[in-house]
Amino acid sequence: MSTIPETAREIAAAVRSGGVSAVDVAEHYLGRIAALDAHLGCFQDVRAETARSMAARIDALIARGEDPGPLAGVPVALKDNIMVAGAPATCGSRILENFISPYDATVTRRLTAAGAVLLGRTRCDEFAMGSSTEHCAFGVVRNPWDPEYVPGGSSGGSAAAVAAGLVPCALGSDTGGSIRQPAAFCGVTGLKPTGGRVSRWGLVSFAPSMDQIGPFTRDAADAALLLQVLAGEDPHDDTSAASEAPGGMDAIERPLDGLRIGIPQEHLSDNNDAAINAAVQNAADVYRSLGCDVSTVHLETTDLGVACYCVLGPAEASSNLARFDGIRYGRRAAGADADLEQTYSASRSEGLGMEVRRRIMLGTYVLSAGYYDAYYTRALKVRRLIHDEYARLFTQVDVILGPTVPSPPFRFGAHSDPLSMYLCDKYTVTANIAGTCGVAIPAGTTNVDGSSLPVSIQLQGPVLGEDTVLRAAHHFQIATAHHTAQPPLTAAT
Ligand code: GLN
């Protein structure tokens, strides 16, 4: 039995008090990665030597009586679209196979300044486009609850790594659900902060009006700790918000008495898996017993979310990904030097996968002269409707409770039709469109063909409402034990 604590805050407390060394913590997790990751495939790249020297530096600071910070010695993994100076950042794409980050992302800098130890980078869908991590060009990530099932996506490697205990916490990015959906599939806590809460500097852009970086953790209290480290205005990202810092543990421990929780009727659709609707109802009972005022509300724009996202996301992506042209960034196809046109088209056809090409084509189409108003302008109007409905609802309730995803994890290859994959994001995309925040937390398991697979609920809050949603999540996790369930694969090791 290991003596290394499981949560980030316990690890940091033990390291700061000298109870355990940062080097021992790093070795423990590197050992788990060595034992389990050949099978799971969470990591694109493990930086063991760098991690060891970062940990040794933390121990040296402590030996000199200095405080390394709130994440002292806490191992963290980063999604492979977040830059770490001198390390590769492939974004799961062949086109960036040999790209080395020239600088640290702001989140990378904030983590290291807080004493964290970076273990490596985790696999994701190519350019964060997907819901299963099947679109990663470099290999499969398996769900620790059952390796025949996907871990969700696009931040599947980060979610599976936390679920399997390969790392106590990890970062992902969420443009339409890519933190919350894999958190749901892997049975961990995943927070999508408010748009602008965390700097995007050094995150490879997919759709910047919706992209947000956030943490995967074992529980809501760790998410609150990580958010305190990550959040803040950044001169490098002019969409980052100048706002009051999140309140951390003090804010989430406040009792829930009188908290107004609304369950949108549209989120309890008969098309959802029955276990998921049951989990939402059970959570409603837990919240009632904690003194909350739980009511049924409406989010009539729910069904517009995926359609709106499928115009805005590709439109922004097609323009952002234009920089990967075989000249300034990324690989150039061999012999593609005849003329500019051929260099672009051969390099991009060779370097970009099918899903990314689909989005670039869709985005180029909806932005083209004859179709701009019919698609892009119209989607912006729908965005306004979704935004305004959220804003109105948050005058009536403090938190929206519902499912994170309509169904439990699926098997590899189950969603070969892209549209059916996009519909997995039905309950998550609207928060990205509206710029609000949400957290996915484990809410039990369900039996699918003899496998026990995680079920998740989502708590959504208004702009800068992270303290409230994390407070609601934290009290749920005090009242129930769902977040402590471990996947069978790792319980035996
Ligand atoms: N699954 C969604 C997509 O395919 C969301 C991705 C994300 O949030 N990065 O675009």
Side-chain angles (χ1 to χ4, degrees), residues 78-82 89 91-93 122-136 141 150-159 170-186 190-195 198 200 203-216 305-318 320-321 352-363 366 379 404-407 409-410 414-440 456 458 460:
L78 303 182
K79 184 176 179 177
D80 198 15
N81 60 355
I82 297 173
C91 296
S93 182
T122 54
R123 283 195 180 135
C124 57
D125 283 302
E126 186 172 5
F127 287 106
M129 297 173 188
S131 304
S132 63
T133 316
E134 289 167 290
H135 299 311
C136 176
V141 181
V150 303
S154 63
S155 320
S158 288
L171 297 193
S173 64
D174 189 313
T175 306
S178 279
I179 293 174
R180 290 160 292 160
Q181 187 258 17
F185 277 15
C186 291
L191 172 71
K192 184 205 98 73
T194 302
V198 175
R200 292 179 297 104
L203 167 71
V204 178
S205 287
F206 161 9
S209 79
M210 298 183 281
D211 297 339
Q212 254 306 281
I213 296 173
F216 290 92
V306 170
C308 178
Y309 176 82
C310 284
V311 175
L312 296 182
E316 293 185 36
S318 70
N320 272 302
L321 269 57
L352 299 173
M354 197 48 221
E355 182 59 27
V356 172
R357 282 188 267 161
R358 179 181 293 121
R359 308 255 182 139
I360 290 172
M361 286 188 278
L362 268 173
V366 301
T404 308
V405 278
S407 68
F410 48 86
H415 285 298
S416 47
D417 167 16
L419 195 56
S420 78
M421 183 90 89
Y422 301 161
L423 290 170
C424 298
D425 302 328
K426 181 174 175 189
Y427 300 124
T428 49
V429 285
T430 43
N432 304 77
I433 293 168
T436 48
C437 63
V439 63
S456 169
Q458 178 177 211
Q460 297 188 63

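Every number for a ligand or one of its atoms is a count from 1 in the order of the listing.
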Side-chain heavy atoms of [X] within contact of [Y], under 4.5 Å:
X	Y	value
Q460	C437	no
T175	Y309	yes
F185	R180	no
S173	I82	no

_Under a 3.5 Å distance rule, please check whether E126 uses its side chain to pair with a backbone N or O of G353 as donor and acceptor._
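The answer is yes, because a donor-acceptor pair under 3.5 Å joins these two groups.
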_Under 4.0 Å from ligand 1, counting heavy atoms only: the protein residues, by chain and number_ =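 A128, M129, G130, S131, S154, D174, T175, G176, G177, S178, F206, Y309, R359, D425.
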*Answer with yes or no whether the side chains of K79 and S178 bring together a donor and an acceptor at under 3.5 Å.*
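Side-chain D/A pair, S178 to K79: absent.
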